[in-house]
Amino acid sequence: MPRKQYWLMKSEPYEFSWDDLLASEHQTTPWTGVRNYQARNLMRDDMRVGDGVLFYHSNVKPQVVMGTAKIASAAYPDPTQFDPKSEYHDPKSDPDAPRWLCIDVQADAAFAAPVTRDALKERDDLEGLMLLAKGSRLSVQPVSAEHWKTITRLGRLKVSRKG
DNA sequence: GCCAACGTTGGC
DNA sequence: GCCAACGTTGGC
């Protein structure tokens with residue numbers, strides 16, 4: 001059994017949000033639309049069922065890690081690449097040798113206190129976190145076990161209330 | 001809205 | 001196989 005690994009997956013919430021994931025059947029969704037070879041290769045070669053996922057809202061204010069999810073399937077061909085009506089349609093992908101893959105993602109636990117990007121940046125124990133690297137655009141990123149521990153701890157903190 | 005960083009495309 | 005042009009990502 002390979003050691004459990006950890007990932008961060010970005011989603012623009014107006015495309016697909018954490019709430020959308022919670023509202024999905026079995027709180028599970030196929031992670032379709034990845035059109036980057038490096039991200040595809042991570043899904044194909046490195047992700048394993050049960051791996052941990054930080055669910056991140058990108059391209060919004062504030063950018064925030066909403067909670068944890070799990071990899072719920074091995075990689076399989078992304079059906080949207082063959083759907084002419086999909087914005088992710090790829091006419092150059094051969095059905096006999098699909099170019100793009102997806103995996104299923106299942107919600108695990110919502111953070112009591114969603115962790116903002118700003119909060120991550122303020123810490124001094126997240127050096128090397130790919131999300132914070134300049135110019136990092138990869139939508140599927142590996143996260144070290146140490147960084148996973150730090151971020152999930154932050155997320156589980158009770159929200160402090162004033163008054 | 002701007003723009004730097006990055007990936008992909010296509011001419012040569 | 002190089003690399004300029006182009007399109008996209010995504011923080012700011």
Side-chain angles (χ1 to χ4, degrees), chain A residues 5-24 29-47 51-71 75-105 107-108 110-144 146-155 157 159:
Chain A
Q5 297 182 99
Y6 302 97
W7 309 94
L8 180 144
M9 298 176 79
K10 299 180 188 173
S11 186
E12 300 178 352
Y14 41 87
E15 297 288 340
F16 190 87
S17 70
W18 172 254
D19 283 347
D20 291 332
L21 179 62
L22 295 185
S24 300
T29 194
W31 203 262
T32 56
V34 173
R35 295 295 179 268
N36 171 285
Y37 289 102
Q38 202 178 338
R40 180 204 65 184
N41 293 348
L42 287 173
M43 293 194 292
R44 182 189 63 196
D45 301 333
D46 296 322
M47 283 185 173
D51 281 358
V53 174
L54 298 171
F55 192 106
Y56 179 77
H57 281 175
S58 67
N59 241 328
V60 287
K61 271 200 253 190
Q63 306 97 319
V64 63
V65 182
M66 296 297 293
T68 61
K70 289 176 181 176
I71 303 299
Y76 60 96
D78 177 346
T80 64
Q81 69 194 306
F82 302 121
D83 178 2
K85 282 176 290 191
S86 169
E87 61 174 313
Y88 301 118
H89 180 229
D90 183 352
K92 286 187 266 186
S93 182
D94 176 0
D96 292 328
R99 179 180 299 195
W100 304 114
L101 304 172
C102 60
I103 46 86
D104 290 345
V105 172
D108 184 11
F111 281 168
V115 180
T116 64
R117 179 186 184 84
D118 286 344
L120 296 176
K121 281 195 297 190
E122 281 169 12
R123 299 192 64 90
D124 58 9
D125 53 0
L126 291 175
E127 197 177 345
L129 182 68
M130 191 181 285
L131 182 73
L132 299 180
K134 196 181 175 196
S136 167
R137 309 187 339 191
L138 204 57
S139 65
V140 173
Q141 307 181 351
V143 174
S144 74
E146 285 307 304
H147 290 167
W148 169 271
K149 204 179 295 179
T150 299
I151 295 168
T152 53
R153 267 186 196 151
L154 280 175
L157 292 175
V159 184

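By convention in this document, chain letters (A, B, ...) are assigned in the order of the sequence lines, proteins followed by strands, and residues within each chain are numbered from 1.
- Between the A/Ser24 side chain and the A/Asp20 main chain, a donor and an acceptor come within less than 3.5 Å of each other.
- The salt bridge (charged side-chain N to carboxylate O under 4.0 Å, His left out) test applied to A/Asp118 returns A/Lys121, not counting sequence neighbours.
- DNA chain C is contacted by A/Tyr56, A/Asn59 of residues 53-61 of chain A, taking any non-hydrogen atom closer than 4.0 Å.
- Summarising the local packing, NZ of A/Lys70 is surrounded by 12 or fewer heavy atoms from other residues, nucleotides or ligands at distances under 6.0 Å.
- Bounding nucleotides for the chain A contact on DNA chain B, 5' to 3', at a heavy-atom distance below 4.0 Å, are B/dA5 to B/dT9.
- We find that A/Asp90 and A/Arg99 are joined by a salt bridge, their nearest charged nitrogen and carboxylate oxygen being less than 4.0 Å apart.
- Judged purely by atom type and a 3.5 angstrom limit, A/Gln141 uses its side chain to pair as donor or acceptor with the backbone of A/Leu131.
- Contact between A/Trp31 and A/Val105 at its shortest, heavy atoms only, is CE3-CG2, 3.8 Å.
- Ring centers of A/Trp100 and A/Tyr37: under 6.0 Å apart, within the cut-off.
- Although no hydrogens or angles enter the test, the distance criterion places no donor-acceptor pair under 3.5 Å between the side chain of A/Thr68 and the main chain of A/Asp108.
- Residues of residues 117-130 of chain A that place a heavy atom closer than 4.0 Å to DNA chain C, in numerical order, are A/Arg117, A/Lys121.
- A/Ser136 places no side-chain N or O within 3.5 Å of a backbone atom of A/Leu132 that could act as its donor or acceptor partner.
- Counting only distance, with no hydrogens or angles, the side chain of A/His57 and the backbone of A/Tyr14 share no donor-acceptor pair below 3.5 Å.
- Of the residues in residues 87-102 of chain A, A/Lys92 come within less than 4.0 Å of DNA chain B through at least one heavy atom, sorted by number.
- The neighbour count for A/Gln38 CD, taken as heavy atoms of other residues, nucleotides or ligands under 6.0 Å away, does not exceed 12.
- Contacts between residues 6-13 of chain A and DNA chain C, defined by a heavy-atom separation below 4.0 Å, involve A/Lys10, listed by number.
- The existence of a salt bridge linking A/Arg35 and A/Asp78 is confirmed by a sub-4.0 Å separation between a basic side-chain nitrogen and an acidic carboxylate oxygen.
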